[in-house]
Amino acid sequence: MNKQPALVLPKNKRIMASIGSIFLILTLQLSGQSLNTIQGPLLESMGGAQYFSLAPLAAILGMTILTPIGGKLGDIFGRRNIVLFSGIVIFICKIAISFTSSPVVHVFFRFMLGAASGCFISVPFILAREINEESFVPKMMGFLASGMAIGGLLGGVIAGALMDMGHIKLAILFPIITLVIGVTLITVSLPNQKSVNKAKVDVVGIITLAISLTILVLALNFGPKVGLNLKIILGIVIGIVFGVIFIKNEKKAENPIVPLHLLSNKSYVVLLAIGFIGYFYNTAMNVYAPKVVIDVMQQPKSVAGMLQLPRTIITMILPIFTGAWVAKKFTNHKISMLIATGLTAIPMFVMAFAGSGKGVILYMAMLGVTGIAESFRGVSVTTVAQTRLEAHELGIGTALVNFVNTFASLAAASIFGIAYDIKTKADPLDPARILAGADLTYIIAGIVGVIGVLIVLFMTSDIFKKDTSNLK
């Protein structure tokens with residue numbers, strides 16, 4: 001018999017909340033990919049080409065910090081309130097980004113935009129379980145996945161086309177349409193449901209996590225630009241110190257932001273590592289591939305926006321079949337994770353070593369291959385991770401998986417930014433240097449993918465030998 005939803009809504013409001021959730025996910029993808037596609041010429045128009053690697057890093061940093069915090073705040077203050085507040089902040093940030101002429105201000109609002117997005121990024125996935133019967137949850141997850149795929153494609157295509165036509169502000173602002181629809185549907189359909197236990201917010205955890213990640217990432221990003229001077233060294237030391245304080249606080253906190261006690265579960269940690277690796281390549285794909293197409297291949301921004309068309313089509317359709325396949329036999333999940341990691345490494349290496357004759361078609365084909373990898377990753381890693389958790393750990397354990405996935409993008413943005421800046425420091429507008437910088441990010445992403453393959457091959461045997469009767 002199907003389990004009843006935790007939050008029972010009238011049918012019309014349940015449908016409205018579900019549609020609103022899809023629009024929220026669509027908005028996040030539209031907003032992120034549109035800015036990734038046009039940020040090169042946008043920053044150059046401000047005289048801020050040197051901020052190219054810092055802008056996406058700031059956005060991912062904000063999202064990483066607020067992803068675990070937003071989930072916790074939603075439990076305490078109600079998901080409707082979190083969506084409404086975050087939606088307002090995103091609206092303000094998009095307006096500010098469209099009107100600013102300062103690259104520094106642009107980077108600041110990219111950070112705020114990422115933070116607000118991270119605050120409600122988990123809400124659609126939580127609502128999928130909270131407002132629906134158990135039998136409908138997989139279908140809802142599929143709808144959300146389709147929303148992500150469509151947004152990833154349309155964000156770049158629409159922004160690139162608008163940029164080519166000279167409508168810069170519209171290229172930045174158009175995701176506001178889906179934002180307003182999503183926030184409105186959520187706020188009118190959900191009750192103002194808050195925590196009845198009056199759980200305390202882990203303020204110390206929030207502050208120390210934010211300080212540690214921010215200072216460390218900024219120090220690592222600016223290090224290659226200014227050299228390893230005293231300020232950079234001091235920044236790294238301060239970041240590490242606050243990281244240690246954060247860890248100590250989380251171990252004793254009543255409601256920790258990050259459940260560190262789960263890290264004693266070795267199988268779970270291995271799966272976190274595989275999930276991390278499965279996300280790592282995304283920044284190379286989303287940021288540096290469009291940069292090469294626009295500034296090296298001299299293609300229109302709309303063409304750069306079309307890069308992920310094959311990938312989008314694949315990720316809209318293939319997960320339906322990969323999900324059914326892995327469900328037939330638990331060990332199929334291991335094969336799925338091998339495919340997920342291996343098929344991120346191969347296309348990255350091909351893009352890096354294809355030579356000067358590489359073209360848009362090659363990029364589109366290789367990003368299409370990553371769509372196959374994503375289709376296998378999405379149906380395996382989190383599912384298997386949940387089988388390693390006790391029943392009372394499922395919620396917080398799944399949240400940690402999402403945090404690690406987001407952190408993978410942050411780590412990648414930082415590492416790729418360092419690599420790209422090393423190659424382009426002498427002249428950030430030189431096409432040859434841009435290509436060399438992008439190729440180095442692809443090589444790093446490929447190496448990380450190979451490491452993922454090795455982890456799946458040699459460190460998951462115990463996971464697939466254990467009793468898996470709790471796998472649904």
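Everything quoted here is computed from the prediction, not taken from an experiment.
Across all non-hydrogen atoms, the minimal contact from Ala352 to Ile443 is CB-CG1, 3.5 Å. In plain terms, the two heavy atoms of Met348 and Gly446 that are nearest each other are CB-N, 3.8 Å. Among all heavy-atom pairs drawn from Met316 and Ile150, the shortest one is SD-CG1, 3.8 Å. The heavy-atom pair separating Thr208 from Gly205 by the smallest distance is OG1-O, 3.3 Å. Minimum interatomic distance between Val296 and Leu435 (heavy atoms only, all atoms of both residues): CG2-N, 4.0 Å. Ile25 approaches Gly147 most closely through the heavy-atom pair CG2-C, 4.1 Å.
Taking OG1 of Thr341 as the start and CD1 of Ile455 as the end, the distance is 9.0 Å to the nearest 0.5 Å. Atom CG of Leu457 and atom CE of Met337 lie 11.0 Å apart (nearest 0.5 Å). Here the CE atom belonging to Met459 is positioned 8.5 Å from the CD1 atom belonging to Ile274, to the nearest 0.5 angstrom. Taken to the nearest 0.5 Å, the CD1 atom of Ile372 stands 10.0 Å off from the CD1 atom of Ile346. The line from CD1 of Ile314 to OG1 of Thr370 is 8.0 Å long, rounded to the nearest 0.5 Å. Rounded to the nearest 0.5 angstrom, Leu213 CG and Phe407 CZ are separated by 6.0 Å.
Within the 3.5 Å criterion, the main-chain N or O of Phe77 finds a donor-acceptor partner in the side chain of Asn81. Looking only at distances, a side-chain donor or acceptor of Ser336 sits under 3.5 Å from a matching main-chain atom of Phe376. Looking only at distances, a side-chain donor or acceptor of Asn282 sits under 3.5 Å from a matching main-chain atom of Tyr279. Under a 3.5 Å cut-off, the side chain of Thr214 and the backbone N or O of Ile211 do not form any donor-acceptor pair. A donor-acceptor pair under 3.5 Å links the side-chain atoms of Ser212 to the main chain of Gly239, judged by distance alone. A donor-acceptor pair under 3.5 Å is absent between the side-chain atoms of Ser31 and the main chain of Thr27, judged by distance alone.
Judged as a side chain to side chain contact (heavy atoms under 4.5 Å, CB included), and not counting sequence neighbours, the contacts of Ile335 are Trp325, Asn332, Ile339. Among residues two or more places apart in sequence or in another chain, the side chain to side chain donor-acceptor pair (under 3.5 Å) test is passed with Ser34 by none. Shown here are the salt bridge (charged side-chain N to carboxylate O under 4.0 Å, His left out) partners of Lys291, two or more places apart in sequence or in another chain: Glu44, Asp295. Legend: residues meeting side chain to side chain donor-acceptor pair (under 3.5 Å) with Thr322, ordered by chain and number and at least two apart, are absent. Every residue two or more places apart in sequence or in another chain that forms a salt bridge (charged side-chain N to carboxylate O under 4.0 Å, His left out) with Arg433 is listed here: Asp430. Under the ring-ring contact (aromatic ring centres under 6.0 Å, His included) criterion, Phe416 pairs with Phe280, sequence neighbours left out. Under the rule for a side chain to side chain contact (heavy atoms under 4.5 Å, CB included), the partners of Ser86 that lie at least two apart in sequence or sit in another chain are Ile82, Cys119, Phe120. With sequence neighbours left out, Thr424 forms a side chain to side chain donor-acceptor pair (under 3.5 Å) with no residue at all. Partners of Ile206 under the side chain to side chain contact (heavy atoms under 4.5 Å, CB included) rule, at least two apart in sequence or in another chain, are Ile69, Val201, Ile257. With sequence neighbours left out, the salt bridge (charged side-chain N to carboxylate O under 4.0 Å, His left out) criterion links Arg110 to no other residue. Taking Gln29 as the reference, nothing meets the side chain to side chain donor-acceptor pair (under 3.5 Å) condition, with sequence neighbours excluded.
Put simply, the side chain of Val287 reaches to within 4.5 Å of the side chain of Gln39, judged on heavy atoms. Taking the side chain as every heavy atom from C-beta outward, Ile434 and Tyr420 approach each other to under 4.5 Å. Two residues are said to be in side-chain contact when any heavy atoms from C-beta on lie closer than 4.5 Å; Thr178 and Phe174 fail this criterion. Using a 4.5 Å heavy-atom cutoff, the side chains of Ile415 and Thr283 are not in contact. Counting heavy atoms from C-beta on, the side chains of Val360 and Gln299 come closer than 4.5 Å. At least one side-chain heavy atom of Glu374 sits less than 4.5 Å from a side-chain heavy atom of Arg311. Ser21 is not listed as a side-chain neighbour of Val123, based on a closest heavy-atom distance of 4.5 Å or more. Ser380 has its side chain out of reach of Lys334: every pair of non-hydrogen atoms, C-beta onward, lies at least 4.5 Å apart.
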Stepwise side chain to side chain contact (heavy atoms under 4.5 Å, CB included) test for Met351 and Leu367: CA-CA 9 Å; Met351 290 167 64; Leu367 297 187; 4.2 Å; yes

Verdict with supporting geometry, Asn286 and Gln308, side chain to side chain contact (heavy atoms under 4.5 Å, CB included): CA-CA 9 Å; Asn286 292 331; Gln308 295 195 33; 2.8 Å; yes

Trace of the side chain to side chain contact (heavy atoms under 4.5 Å, CB included) decision for Leu190 with Leu127: CA-CA 10 Å; Leu190 291 184; Leu127 289 180; 3.9 Å; yes

Verdict with supporting geometry, Leu113 and Leu35, side chain to side chain contact (heavy atoms under 4.5 Å, CB included): CA-CA 11 Å; Leu113 181 63; Leu35 287 172; 3.6 Å; yes

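Judged as a side chain to side chain donor-acceptor pair (under 3.5 Å), the pairs with a partner in residues 439-457 (not counting sequence neighbours) are, in order, Lys358-Asp439, Tyr363-Tyr442.
Counting heavy-atom neighbours within 6.0 Å of Phe349 CZ, excluding the residue itself, gives a total above 12.
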